[in-house]
Amino acid sequence: QDLPPLNSDTEVDRIDWSQLEAEFGPVPAPTEDASVGGVSKTLTNEYWRSLGIGYKNVADEYGVDFAYQAAPSEGDQLAQLSIAENMLLQGYDALLFSPQTDNNLQPALERARSQDIPVVNVNDAVIPSVEHYVGNVQRDNGVRVAQWFIENTDGGKVAVIEGQPGVFAAGQRTDGFTTTINEIDGLEVVASVPANWSREEAYNAASTILQQHPDLIGFYANNDGMALGVVEAVKAADLQEQVAVFGTDGISDAYDSIRAGDLTGTVDSFPVLTGEVAMEVALRLLDGQDLPRVVATPQALITSENIEQYSIEDTAALREMLLAE
Amino acid sequence: MATDINRLAVDGISKGFPGVKALEDVSFQVRPGEVHGLLGENGAGKSTMLNVLAAVLKPDAGGIRIDGETVRPGSPKDARAAGIAMIHQELQHVPGLSVAQNIFLGRPLKMAGGLLVNRRAQETRARSILADLDPSIDPGRPIHELKVAQQQIVEIARALLDDAKIIAMDEPTSSLTPSEFDNLAALIRKLSAQGVSIIYVSHKMDEVFQVCQRATILRDGRFVATVDLTETSEDEVIASMVGREIQAEQHVSHAEAETVLRVEGLGDGRMIRDASFELHKGEVLGLAGLVGSGRTELMRLIAGIDRATEGSIEIRGSEHSFRSPREAISAGIGLVPEERKKDGIVRDRSVASNIALPCMNRFSSAGLIRRAHLRREATELMQQMNLRPPNVDRAIGQFSGGNQQKAIIGRWLAADVDILLFDEPTRGIDIGAKSEIYDLIERLAAQGKSIIVVSSELPEILRLSDRVMVMREGEIAGVLSGCDVDEGRIAALAIPKSKSRSSQRTAEPA
Amino acid sequence: MTNTSDTKANEAEGRRSFLPAFINLRDAGTLFGLALILIVFAVLNPVFMTAPNVLNILQQSSINACIALGMTFVIISGGIDLSVGPAAAISAVAGAALMTAGVPLPVALLGAMGTGMLCGLFNGCLIAFAGLQPFIVTLGGLSLYRALALIFTGGNPIFGIPTEFRAFINGDLLGVPVPVVIVGLIALLLWIVLNRTPFGEYILAVGGNQEAARIAGVPVARTRITVYVMSGGLAAVAALILMGRLGAADPTMGNLWELDAIAAAAIGGASLMGGKGSVVGTLLGAVILGSLRNGLTLMNVQAFYQLLATGIIIIVAMLIDRATRGRA
Amino acid sequence: MTNTSDTKANEAEGRRSFLPAFINLRDAGTLFGLALILIVFAVLNPVFMTAPNVLNILQQSSINACIALGMTFVIISGGIDLSVGPAAAISAVAGAALMTAGVPLPVALLGAMGTGMLCGLFNGCLIAFAGLQPFIVTLGGLSLYRALALIFTGGNPIFGIPTEFRAFINGDLLGVPVPVVIVGLIALLLWIVLNRTPFGEYILAVGGNQEAARIAGVPVARTRITVYVMSGGLAAVAALILMGRLGAADPTMGNLWELDAIAAAAIGGASLMGGKGSVVGTLLGAVILGSLRNGLTLMNVQAFYQLLATGIIIIVAMLIDRATRGRA
Ligand SMILES: Nc1ncnc2c1ncn2[C@@H]1O[C@H](COP(=O)(O)OP(=O)(O)OP(=O)(O)O)[C@@H](O)[C@H]1O
Ligand SMILES: Nc1ncnc2c1ncn2[C@@H]1O[C@H](COP(=O)(O)OP(=O)(O)OP(=O)(O)O)[C@@H](O)[C@H]1O
Ligand SMILES: O[C@@H]1[C@H](O)[C@H](O)CO[C@H]1O
Ligand SMILES: [Mg+2]
Ligand SMILES: [Mg+2]
């Protein structure tokens, strides 16, 4: 019961999503009246809506009663807590939480635990005492982009556009990128400023950074919305040839932008697939399976080189391809 | 119906406010070119009547006719279009705007095809209207920089702007000096000669008799009579206003030898220079002077509202330098301010709360206000002062101006301060209440309180004061006592000797 | 200011005639609005009016109510406090740091309260002494206190809140959750302060007419500062409650609290022009917002439509309230 | 309200004597604050004062300035508009939807403007006719308009803004970025409206003393409604500029714009009590905030410390301003 505080990026009691079926068999059929509730961070970002689509795909497939709710805005922590508590009152059999902070859903988690309702922490902020976590390695998002710069450039100045200060995902992604870059001679992170997940703020920050460092070779933005703002700033400064721009999440607008030759790349964490995996994990837990604490979901750096390969609407096909890798 | 010779006919107007019938079936008529007084005690319904005429308030019943035609103005603008202009009792201006902008508010002179305000034309026009009233007012100046008296003149100027058939004036002279009243009286005569009818509300009987031909008297919202002033005496009018006799009391001195307040070389670095005087126990010290002579400023310095830059204030031998009114109050000084609405009342709070503000401790025990005790004491106090309606739980903003003043005076009685500073204490206050306040001041003096009364009405100064101090251009021009106190001597001290400001003290009169 | 004088008169009359002393006509309007919302949800959803859910609503509303009560006092005095959320965060962080450093619990609690009040003192002094506008001072505070909380913690939440404290906050008294009891007691106390103490009169006077209050001897600066200190202190209380519930002190705590608190106070009848506001009204306002959120979630209304409903209901609540106060 | 009368007098003196007509002493104080910030950053960072970066700052400030100008009018009239961000979002979404539907560009632009103004009309009517508090009405609008924008788009940004429109917005006029030119022209127009037209006087009058304005025959309701319509319209202009720059209409556009706009107006001397405010001051306020953000980014100040600096500088700017206006 007394679990050590979870760090989803480093937890050893983990399994890759691809191993689930091999280790634990196919997803067990839930009972007739099974119901699962999902509490998301916000729906104002495609990422979180996609996650919900994934939940729903699996719920529909297995005839599970499913509801997906989110706080009115990213950062409204108490609203999210209320939603989680209210869902508990409605008697869902399992809950999927994507908390806004590491602790804002703690009371709901505790109440669920006292009622023996399994809770899966899906992505992003990590509740330290949570028993189950499904998601990608946040730090790895940044590392992958850093590696691209190491492999594809001869060094130079790069900059980070951060998400909201104090948010887990933002901190991890930034740290992963910056640490990896700074280990390499010749590459240097010359600026790292927050833009609060806002396209406009990202645009402004990027324009200003380009004033200061006209010789910049790349940006890493903590999510795709911001990256698309950065792209416009780079275009406005007429530095497209010189400056590579990367985002995170893999939302459809980012894909479009890569295809159009604007955005250099994004780290796709396959939100729909992640949602599906999370729902499957919930169903497995309802069935009483004893799963490892962390189920790692896939992520991949998407650039114009491999974009067609990953542009798969149908998640079943996507699964197949990812499993084949 | 006989041929209608009336400019304005008021037919059975009623207007109620929750808990109060402010007007009940009031009818009267005003002839073309007539100056018609509208008289009554505080709360009689005068302002309500005028507000109904100017369509600021909607009557519950009744209507008005102008030149025989029934009119139903829906807004102040409609009323003005129908020919009724009004000068409001409470000054109604917008602080940030200039004098001219205020005069033309709501109907600016335009240019550039009506797109832009023609400021120059407005100022020219304003200047020409003000010329008759007070040429010293610069139409380009922000209005809040003007003295109250000047603001009131601007208010009058505003009413003169359109060619109204009827001008309703609600206490237009409440902060004017006699000479300013003379200007106004001349103007009124001119207007009336042009056929403009004027409804004149004032508590100053001498003015009423001077300018009005007839007057309608209201009592408690009801019509009492319309009288021809040439055939009626002042006492008769007052008697029907008040419904009882008012006898003029003579001043009795209660001054003792003990000096309670000693002011030495007080100055504020701007207006007031080197003010020195003494106030004795039980004494009433009148403070006379022209408008703008600095009387209010001096009172504010003593009451700790503004900071003195030089000089000292000594109370019963101990020196004070007040950093706030609160400190002055705890040293025993209370001020009844000149601008009631701005500096006196908290309008949404009850009379009782307004009374209790300076002396909350008296009305609380163990940190809690004893509401019942407060209500009882406030009610008692206000009964003595004849508050109408006699309900201390009502928000003070819902009372007529005169009754608000009673509550503010009551505040200092409740606080039991030793030194009371009255700045224009009877401004806007009816005859009945005025004599009540005079009695009150006398009673307080008899109880050993020391009092300063600032007033622009010399009869009031003469009626109340043991000694009279006169200010001129920020300095104390002299102090008169005993048989030296007369209007002539006061005026002589008050009027500046020459145009250039003399910095040296003028010699005391013999 | 926008009120016609008739309305005011109505209010005053009503207050004394047919309603109990602690509730005035304005509050009755708010109560009516709440009743309407409750009825609608009760009809639409069977869970809504069950005892556990009602307690749930109260518990969820308690933090906003706590903040909103402080806000009410600030608003009545003619000010506004945008910095409540970050003030809560920094108080939580201070409290948690003390607790995890092994300081005795009461001392840590005092430390948290003191931190919140210090934030309020800073706001209040800038407003009362330097004469700056409350909106802009507390907007500055909003960034400042948040930054301090983030810098102090490096952006990480502080865990390890003592279990006895957590148990206390998560416990209940005769079935009523402790946070509800705490906020209820605070509200009672504040009702007394506003309606029965000299300080309450001072706040109302300062908000109603600051210059007149000063001349009447009201300690204006002290009054103005005190309301901000109270607001900071109540932010700390809210922070402690939340910390007890969450088991952690997060430097990002309190995001957007100011808007909810102002909404609760305004729905409850506080006028942002100052001079007016009610403890009971604010509590009702907080519960209205809490019920709304709860009811919509229970009915599984999707986030965007929840936002829509929130907007509509805030406006409708104000309209109902206006109508019940009898204005055309 | 807290001003002593001599301050006011000083101000007025100043206004008449030694300063050009369009700038008053209050604005000079703001200008001084700006100068100080500029000097500090210029000393600390060589890039800061280069021509391209100055244009960059102006460009970055232009959106906030645009919103803040509308806010200034609302504030002068004695109100507040919290709904500007969502009003911008919904205007952007409407405009983009029309553009991508192939409607002629001018029609689409009018559609966007109309949407913003409709939001303002809705706010204004509730405030002027139903007598609700501006704060709470526009707080409701804040949720309402955002919800509508999100529902309409399903939460997705609309891409595919016509390139000719984008090229226009991203172009420049004699080296000055088009957004700066647009906002500059708007500011000029608004300066004339405020200082030279009857409507400007009405706004000042309604904000300064609503009752006096009513009695004087000022069309109070119409004036109050119009300022909200203006604010909505300017939100739409800001939205169009941003849309042109970012190439997308995002339903989440405009988050927290209201705070920045109010801060700019307040720094520029607008009083949230109404009756006071300046077009020039607000522009300067917006540029102060823009310079601040730009300077901190240039110096690569770490996130938490950026927040800290923002808070401190807002307060210090207000203090400087207060001091230059000569108050003890
Ligand atoms: N807005 C209001 N709300 C409630 N009661 C009011 C209002 N205005 C006036 N009253 C009441 O109506 C009555 C008549 O007031 P009004 O102001 O007309 O008196 P007045 O004759 O002008 O007195 P004064 O000489 O003091 O100016 C008073 O009892 C007053 O309290
Ligand atoms: N005509 C004027 N124009 C401008 N300012 C004036 C004028 N007359 C006086 N003042 C200013 O008014 C102030 C003095 O007024 P104060 O209120 O002390 O006079 P008062 O004697 O009390 O007059 P009142 O009888 O109106 O109360 C000074 O600051 C003076 O500069
Ligand atoms: O981590 C998530 C997502 O990646 C999204 O892009 C923005 O919100 C963050 O919290
Ligand atoms: Mg009157
Ligand atoms: Mg005076």
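Given the structure is predicted, the values throughout are model-derived calculations rather than measurements. Protein chains get the first letters and strands the later ones, always in sequence-line order, with residue 1 at the start of each.
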If we define contacts as heavy-atom pairs under 4.5 Å, which of [options] has the most with chain A?
options: D/Asp250, D/Leu296, D/Leu246; result: D/Leu246
options: D/Leu256, D/Leu150, D/Asn156, D/Asn170; result: D/Asn156
options: D/Arg146, D/Gln59, D/Gln306, D/Arg245; result: D/Arg245
options: D/Gly247, D/Gly154, D/Ser143, D/Gly290; result: D/Gly154
options: D/Ile57, D/Asn255, D/Leu307, D/Leu242; result: D/Leu242

Practice item. Using a 4.5 Å cut-off on heavy atoms from C-beta on, say whether the side chain of D/Phe152 contacts that of D/Ile90. Key: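 Sidechains of D/Phe152 and D/Ile90: no contact.
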Side chain from CB out, backbone as N, CA, C, O: work out which of these in [X] comes under 4.5 Å of a heavy atom of chain A, or both, or neither.
X: D/Thr252; value: side chain
X: D/Leu298; value: both
X: D/Gln60; value: both
X: D/Ala147; value: neither
X: D/Pro251; value: neither

Q) Taking the six-membered ring for Trp, are A/Phe66 and A/Tyr68 parallel (under 30°), tilted (30 to 60°) or perpendicular (over 60°)? A) parallel
| request: Hey, can you tell me if D/Phe41 and D/Phe48 have their rings parallel, tilted or perpendicular (30° and 60° cut-offs)? | output: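 Aromatic pair D/Phe41/D/Phe48 classed tilted.
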Do D/Asp260 and D/Arg293 pass the salt bridge (charged side-chain N to carboxylate O under 4.0 Å, His left out) test, and can you show the C-alpha distance, the side-chain angles, and the key distance before you say yes or no?
CA-CA 12 Å; D/Asp260 274 357; D/Arg293 219 152 273 168; 3.1 Å; yes
Open item on the list: Walk me through whether A/Phe177 and A/Val189 qualify under side chain to side chain contact (heavy atoms under 4.5 Å, CB included).
Closed with: CA-CA 9 Å; A/Phe177 180 80; A/Val189 176; 4.1 Å; yes
Exercise for review: Go through the steps to decide whether D/Thr297 and A/Thr208 satisfy the test side-chain hydrogen bond (donor to acceptor under 3.5 Å, both in side chains), and finish with yes or no.
Suggested key: CA-CA 7 Å; D/Thr297 304; A/Thr208 304; 5.3 Å; no
Please flag which part of [X] lies under 4.5 Å from any non-hydrogen atom of chain D: side chain, backbone, both or neither.
X: A/Val231; answer: neither
X: A/Ala236; answer: neither
X: A/Ser207; answer: both

- Task: For A/Asp9 and A/Gln172, test the side chains for any donor-to-acceptor distance below 3.5 angstrom and give the result as yes or no.
- Result: yes
Do A/Gln100 and A/Asp124 get their side chains close enough for a donor-acceptor pair, meaning under 3.5 Å? no
Of all heavy-atom pairs linking D/Met253 and D/Ala89, the shortest is O-CB, 3.5 Å
Of A/His213, A/Arg49, A/Glu162, the largest count of non-hydrogen pairs under 4.5 angstrom with chain D goes to A/Arg49
